[in-house]
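Start at 1 and go down the list; that is how both ligands and their atoms are numbered. Nothing fancy with the numbering, it's 1 onward along the sequence.
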Amino acid sequence: MIGFFWGEETLPLLITVLVIAVLLFYFRYEERQSLINTLGFFFVCLFGELVGGLLHALDLARAAAVTREIFVIGAGVAVIRLWGQLVFRIALPAFKFRPPRITEDIFVIIAYLAWFMVRLRYAGLDLGSILATSAVITAVVAFAMQDTLGNILGGLALQLDNSIEVGDWIKVDDIAGKVVDIRWRSTLVETRNWETVVFPNSQLMKNKFLVLGRRTDQPVQWRRWVWFNVGLDTAPTRVVGVVESSILQTEIANVAKTPAPSCILMDMDSKGYARYALRYWLTDLMQDDPTDAMLRWHIMSALQRAGIKLALEGSNIYITKENEKYEEAMHQREVQLRIKTLRRVELFSQLNDAELKGLAERLRYSPFAKGNVITRQGDEKSDWLYVIINGEAEVYVDLPHRKRRLVRTLGRGNFFGEMGLLTGAPRSASVVAKTDVECYRIDKEAVEEMLHARPGIAEEISHILVARRAELDTAMQNLDATGGHKDLSQQRREILSTIKRFFSLG
Ligand code: CMP
């Protein structure tokens, strides 16, 4: 009886099953229920074979053979299923190849059929007659299940011609989402709103659908438009230049480098404004709205820095124009706020109230979005001095081999850009917005007036400049031959005379 039940292949088979089961349990823990079912089925079949052995021992040869055959087929089915799961759910994904579930099913079913045929043949049944009968049955079943078969064949076709793959973003009518599974009858698509849409495969086969962001031999990225309006009184080349130069210099998450974002004039409206679009390629299709929002913020701040106003609807213009007193009051409030901020800046501590007011009137509010490069090292155009009102900016120096080093982080009340503005030298470092940063920007004429009125300020600035210069030199390890800095007071005198020369101070 034992010989009938326990052949020489039984032990290796048992070990194989247990090894696969352990692997599946470890790597596909979430599918453990299906694993437990398959294992249960396998052991029931083993037990069935044992029963076959018992019948054999009781001299019931025919019953024993039939029982054994049935359970051997059953055990084989369980083993094929386990192998299928091992190959398709662990081995192939390990090589970054994730076939959809339908492919696994097809392979496993073919293996089942082959196994079934082999065993029938082994049991001495005539395959020819079985095939003839099964062909008739198949025809009848196919007729009865036209819809289902349509879906199944649809699923197969979708797989075979690669028109969609798991992970693709597709759009059908007004539903867009990511394909998470292609099943026998249907395809599952998860939308950004956390809905799962089930499309019958036949529908996808019969109707057109968009595969978003896919293009032959190109990375997945999807073009999007961010719209904004500016009054017709501003030259379009200026608007385009301001927006593009700010966006192109900044690294923004999920925005492709190539093709680069571009800003174009799309329309001129009869209401008196020009309609622009910033077009860019989105690399993570999940992040459409947040990335659009980020770009809107970049556009807004770039325009604001350039003193360009976004066009408002006619009604809004009417309200603000009519209420000029209100506007004046707002302006005064803003100037008072600026004076309060300037008082906290050590650079302006010598200025009296009237001088501070004069300066406050001449400031330009300049917001920067996180990641914006505010000054670029080596830039010859050093026209502005900045005072930070809110947020943080980082001062970097570029080293050889494309490396950069952080010199210092500046925050509220700190100023920068003075080295270039006061001496006419190119920018000594790059200053990058660490967070969103709000600044006031001061031009050269305003600084010139201030220095003429208060020459003492030049003196004070020269101290700060020397200290910053030393810090920069250390960051760049740019020490002179003696291994130390030049005499600091000597340096300060040099800087002071450069400033005085530059501003023609006496
Ligand atoms: P500028 O050279 O015009 O442009 C880069 C600016 O970075 C520079 O002016 C300074 O305002 C600022 N900067 C350079 N070095 C330092 C430093 N060590 N500490 C603070 N700010 C600095």
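Set against the non-hydrogen atoms of Gly420, the atoms of ligand 1 under 4.0 Å away are 1 (P), 2 (O), 3 (O). Interface atoms of ligand 1 facing Thr375, defined by a heavy-atom separation under 4.0 Å, are 4 (O), 5 (C). Taking a cut-off of under 4.0 Å to the non-hydrogen atoms of Gly417, the atoms of ligand 1 that pass are 1 (P), 3 (O), 6 (C), 8 (C), 9 (O), 10 (C), 11 (O). Close approach of ligand 1 to Val431 (heavy-atom distance below 4.0 Å) involves ligand atoms 6 (C), 7 (O). Every atom of ligand 1 is numbered from 1 in the order shown, and the set under 4.0 Å from a heavy atom of Val407 is 18 (N). Contact atoms of ligand 1 toward Phe416: 11 (O) (distance under 4.0 Å to a heavy atom of the residue).
In the displayed structure, Trp83 atom CH2 is contacted under 6.0 Å by at most 12 heavy atoms of other residues, nucleotides or ligands.
Closest of all the heavy-atom pairs between Ser382 and Ala425 is OG-O, 3.1 Å. Of all the heavy atoms in Met476 and Leu399, the pair that sits closest is CA-CD2, 4.0 Å.
Of the protein's non-hydrogen atoms, Leu472 CG, 3.3 Å is the one closest to atom 15 (N) of ligand 1. The protein atom (non-hydrogen) at minimum distance from atom 8 (C) of ligand 1 is Ser428 OG, 3.6 Å. Of all protein heavy atoms, the one closest to atom 13 (N) of ligand 1 is Val395 CG1, 3.7 Å. The closest protein non-hydrogen atom to atom 22 (C) of ligand 1 is Arg468 CD, 3.7 Å. Nearest protein heavy-atom contact of atom 5 (C) of ligand 1 is Ala429 O, 3.3 Å. At the shortest separation from atom 18 (N) of ligand 1 among protein heavy atoms lies Glu471 OE1, 2.7 Å. The nearest protein atom to atom 4 (O) of ligand 1, hydrogens excluded, is given as Arg427 CD, 3.2 Å; this is a heavy-atom distance.
Applying the side-chain contact (heavy atoms from CB on, under 4.5 Å) test between Val397 and each of Arg405, Arg404, Lys403 identifies Arg405 as the sole match.
Taking the ring axis of Phe416 as reference, the NZ or CZ atom of Arg441 does not stay both within 45° of it and closer than 6.0 Å to the ring centre. A cation-pi arrangement is absent between Arg224 and Trp281, since the terminal nitrogen or guanidinium carbon is not both under 6.0 Å from the aromatic centre and inside a 45° cone about the axis.
Ring-plane geometry between Phe368 and Tyr386 is classed as perpendicular, the angle between the planes exceeding 60 degrees on a 0 to 90 degree scale with a lower cut at 30.
Residues forming a side-chain hydrogen bond (donor to acceptor under 3.5 Å, both in side chains) with Trp297 (at least two apart in sequence, or on another chain): Asp436.
Residue pairs meeting the side chain to side chain donor-acceptor pair (under 3.5 Å) criterion with at least one partner in residues 455-467, sequence neighbours excluded, are Gln350-Glu460, Ser462-Arg492.
Residue contacts with ligand 1 leave out Ser382, since none of its heavy atoms falls under 4.0 Å from the ligand.
Between the side chains of Gln336 and His331, no donor-acceptor pair is found at a separation under 3.5 Å.
Within the 4.0 Å heavy-atom criterion, the part of Arg408 lying near ligand 1 is the side chain and not the backbone.
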